[in-house]
Structures are given as C-alpha cells and as structure tokens.
Protein chains: 2
Amino acid sequence: MLSNKCKYAIRAVLYLASQASATKMTHGTEIARLLKMPVAFTVKILQELAKKDLILSSKGPKGGFYINEQIKKLPIINIVNAIDGADAFHRCGIGLHKCSDDNPCPFHETFKAHREKFLSTLSSTTIGTFCIDFNENHFLYVQKEVV
Amino acid sequence: MLSNKCKYAIRAVLYLASQASATKMTHGTEIARLLKMPVAFTVKILQELAKKDLILSSKGPKGGFYINEQIKKLPIINIVNAIDGADAFHRCGIGLHKCSDDNPCPFHETFKAHREKFLSTLSSTTIGTFCIDFNENHFLYVQKEVV
DNA sequence: TTTAAATAGGACAATTTAGTCTTTTATATA
DNA sequence: TATATAAAAGACTAAATTGTCCTATTTAAA
C-alpha cells in the first residue's frame with residue numbers, strides 16, 4: 001500500500017509532532033537514531049518534506065526540523081501524497097488499470113472498501129493529533145527490531 | 001499490498017479457471033498475450049505456480065497449463081501465499097514490526113479491520129469461482145492499456 | 001523415429017526502490 | 001569574524017523487483 005519511504009516519512013513527522021509542544025527542533029541524524037531508521041535516507045526524506053512544506057527546517061547550529069500550528073492542521077494523507085503520489089490509493093487490488101466501479105474486478109468491492117477506509121482515516125487524522133509526548137508513546141514510532 | 005508478480009499470478013490463474021470447463025490447456029505465451037502481461041515473466045510465474053501445485057502443466061506440443069477439480073477448490077489466498085509469502089497480510093500500515101493488537105500504532109485498528117476483510121474475501125473465494133467463460137468476462141483479466 | 005512445441009531451470013539484464021556520500025550553503029554562537 | 005553545526009543538493013551505490021534469454025528436457029504427432 002505505502003512505500004517504505006512513505007512509512008519512514010509518516011513516522012518522522014509523527015515524531016516531530018510529539019516534540020511540537022516545545023517548538024523544539026531535532027536534527028535529521030537524531031530523528032533517524034531515535035526511530036531506528038537509516039540515517040542518510042531519513043535526512044533525505046526530511047529534506048524532501050521540508051521542500052514540499054510539510055515540515056519546517058532551519059540550518060546551522062541548533063537547527064533541525066520542526067512543525068508549527070499551521071502544519072498541525074494538515075492531514076496525514078498529505079504526507080502520502082507528497083511521497084508516494086496521489087494515486088497510491090486508487091489502484092486496483094489485482095493490478096487492472098481498467099478496473100472501476102463500472103467495470104469491477106472480482107475483488108473490487110472488498111478491496112476498495114478497505115482502501116477507502118484507510119484513506120479516510122489518513123485524511124481525517126491531522127498531524128496535530130500526534131502532539132503527545134514521545135516518551136509516553138515511544139512504541140508508536142520506534143522500530144525496535146528489524147525483520 | 002500485493003506485488004506485481006502476485007497480481008500477474010492471480011490474473012493468470014483466473015484465466016486458467018475461465019478455460020477449465022473444457023479442461024483445455026493454454027501455453028504460457030498465449031496466456032501472456034491474451035492478458036497483455038510480459039511474456040517471459042508470465043511463463044516464469046506459471047512455472048512457479050506449477051511447481052507449487054497451484055496449477056498443472058504438461059510439456060510438449062498441445063501442452064500448457066491448466067487446472068482440475070481439486071485445484072478449483074483452493075482459495076485465491078493460496079496464490080498470494082505462494083508468491084508473496086504468508087505474512088503479506090500481516091504487516092503494519094506504517095511499517096512498524098512491533099505494532100500489534102496490544103501495542104497498536106495510530107492506524108492499527110482501521111488498517112487491520114479492512115485488511116482482514118480483504119484477506120477473508122481472498123480466503124473464502126475459490127479458484128473455481130472463476131470458471132466462467134473468458135470471453136464473457138474479458139475485462140476482468142485483460143490489461144487494456146499500460147499506464 | 002524424427003521433429004517441433006511446449007515446460008523446466010537457471011543465468012543474466014533492466015528498472016525501481018532504498019540508501020549513502022560528498023560538497024555547498026546558511027546560521028548560531030564563541 | 002571564525003568556527004562548527006546543520007540543512008540543501010545532487011551524484012553515487014546497493015538491493016530488490018521485474019523482467020529476458022538460453023539451454024535442457026519432455027512429449028505429441030507426422
């Protein structure tokens with residue numbers, strides 16, 4: 001459904017949200033270390049998110065990435081759209097491009113229902129929802145083991 | 001959710017099901033051509049399915065791939081398990097390996113609920129369900145355009 | 001029995017995704 | 001102002017996925 005890159009992006013933004021009460025910045029390396037994600041790749045993703053105005057950044061010492069009130073109002077789906085593209089949630093479950101409501105594949109109904117529900121949750125949940133203390137919700141973000 | 005390879009596999013098996021009334025064999029190249037899928041890759045997938053006893057094959061002239069009554073009883077999920085592995089339907093929506101019912105990520109409930117629904121459809125729908133005439137249901141299988 | 005048509009098997013190539021490294025630019029602070 | 005720290009940018013590398021190609025084996029039928 002979502003690419004690894006996109007999953008990393010969501011986790012990183014959720015982390016930034018958890019730090020947002022202090023309007024504190026965290027640099028990319030630190031975020032990657034805390035969330036146990038690949039360092040250089042994480043920084044790349046953060047830079048991409050910043051360029052697309054989904055997070056904010058500041059260069060130099062004490063710099064890093066952060067979010068503000070405006071960004072807290074954005075839904076999580078914006079991250080998905082920015083990283084995986086807007087059609088990530090409109091593909092047929094068995095890969096038929098011509099599959100549609102009018103021309104449904106055998107799994108169209110059930111698959112669409114699943115996809116749409118997940119989509120609607122991502123659309124109605126804002127980044128601000130996750131402005132809760134990181135330490136309290138550690139398990140939400142951190143990959144404790146790699147499979 | 002499913003890899004391209006797996007989607008090709010499902011479409012190929014659905015096609016074989018549509019031909020099963022005549023217990024007719026179709027060779028790999030023909031299946032690929034009819035379903036507009038990459039030829040060599042399709043044949044590879046068919047061979048893999050045959051090796052895993054999800055379809056039957058016969059070498060030589062007039063040979064090809066086909067299914068029998070026993071195979072018609074198998075659920076579609078068996079194809080997914082054979083190609084993508086059994087855990088394809090048990091991964092967290094945002095990639096957290098430690099996410100579970102006890103330790104749910106923020107999207108756990110909604111994602112799981114509908115993933116399970118899709119899984120259950122694939123588990124309860126047998127290959128035999130698709131033993132209907134190919135020509136009548138052409139649009140189900142054929143990729144009419146490549147995006 | 002020869003031939004041609006098909007699967008079986010495995011090496012190989014291309015593409016996409018995932019990830020690193022190096023250099024440049026901006027900025028806080030000593 | 002000098003220095004160190006961090007993002008920005010882009011080239012590069014690695015791994016996984018998606019495919020192709022070639023050779024061997026089996027088998028139906030002329």
Side-chain angles (χ1 to χ4, degrees), chain A residues 1-12 16 19 23-67 80 82-85 87-88 91 95 143 146-147, chain B residues 1-12 16 19 23-33 35-67 80 83-85 87-88 91 95 143 146-147:
Chain A
M1 193 85 84
L2 305 179
S3 67
N4 280 349
K5 186 181 175 188
C6 185
K7 292 172 183 175
Y8 288 147
I10 292 174
R11 287 167 59 199
L16 289 178
Q19 301 304 98
T23 55
K24 171 180 166 260
M25 293 185 201
T26 315
H27 60 262
T29 305
E30 178 73 356
I31 294 173
R33 194 183 60 77
L34 286 168
L35 305 190
K36 299 210 168 83
M37 308 195 300
V39 176
F41 196 35
T42 298
V43 173
K44 254 288 139 76
I45 293 167
L46 287 163
Q47 287 170 5
E48 186 174 343
L49 289 170
K51 192 164 190 179
K52 290 175 176 168
D53 301 315
L54 286 168
I55 62 177
L56 298 166
S57 69
S58 172
K59 286 182 174 181
K62 306 272 173 185
F65 299 95
Y66 62 106
I67 64 172
V80 178
I83 302 293
D84 279 353
D87 62 329
R91 285 191 278 260
Q143 198 64 273
V146 177
V147 194
Chain B
M1 188 83 84
L2 305 179
S3 67
N4 280 349
K5 187 181 173 187
C6 185
K7 292 173 183 173
Y8 288 147
I10 293 174
R11 287 167 60 200
L16 289 179
Q19 300 305 97
T23 56
K24 171 178 167 261
M25 294 186 201
T26 315
H27 60 263
T29 305
E30 178 73 356
I31 294 173
R33 194 183 60 77
L35 304 189
K36 300 211 169 82
M37 310 195 300
V39 176
F41 197 34
T42 299
V43 173
K44 256 288 137 73
I45 293 167
L46 288 163
Q47 288 170 5
E48 186 174 343
L49 290 170
K51 191 164 189 179
K52 290 176 175 167
D53 300 315
L54 287 167
I55 60 176
L56 299 167
S57 69
S58 172
K59 285 184 175 181
K62 306 272 174 182
F65 299 94
Y66 62 106
I67 64 172
V80 177
I83 301 293
D84 278 353
D87 61 328
R91 285 191 277 261
Q143 198 65 271
V146 176
V147 192

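In what follows, every chain begins at residue 1, and chains take the letters A, B, ... in the order their sequences are listed.
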(request) For B/K44, answer base if it contacts any base atom (sugar-phosphate contacts may also be present), sugar-phosphate if it contacts only those atoms, and nothing otherwise; contact means non-hydrogen atoms under 4.0 Å. (result) base
(message) At 4.0 Å (heavy atoms only), tell me whether A/S58 reaches a base, stays on the sugar-phosphate, or touches nothing.
(response) sugar-phosphate
(request) Measure from CD on A/E30 to C1' on D/dA7 and round the result to the nearest Å. (result) 16 Å
(request) Using five pairs at either end of the helix from C/dT1-D/dA30 to C/dA30-D/dT1, determine the angle between the two local helix axes and round it to 10 degrees. (result) 0°
(message) Test of understanding: with ring pair (Phe, Tyr, Trp, His ring centres under 6.0 Å), list the residues that count as partners of A/F41, not counting sequence neighbours.
(response) A/Y8
(message) Can you tell me which nucleotide in D/dT26, D/dA7, D/dT20 comes closest to the side chain of A/H27?
(response) D/dA7
(message) By the 4.0 Å heavy-atom rule, please label B/S3 as base, sugar-phosphate, or nothing.
(response) sugar-phosphate
(message) Mind checking if A/V43 touches a base, just sugar-phosphate, or nothing, with heavy atoms under 4.0 Å?
(response) nothing
(request) Considering only heavy atoms of chain B and a distance under 4.0 Å, specify the first and last nucleotide of DNA chain C in 5' to 3' order that meet this criterion. (result) C/dA4 to C/dA11
(message) Looking only at the side chain of A/K59 (C-beta and beyond, no hydrogens), which of the listed nucleotides D/dA8, D/dT26, D/dC21 gets closest?
(response) D/dA8
(message) Less than 4.5 Å apart, side chain to side chain, heavy atoms only: is that true for B/E48 and B/K51?
(response) no
(message) Within the 4.0 Å heavy-atom criterion, would you say B/G60 contacts the bases, only the backbone, or no part of the nucleic acid?
(response) base
(request) Return the value, rounded to whole Å, for the distance between atom CZ of A/F41 and atom P of D/dG10. (result) 17 Å
(request) Take A/P61 and A/Q47, find for each the nucleotide of DNA chain D with the closest heavy atom, and name the residue whose nucleotide sits nearer the 5' end. (result) A/P61
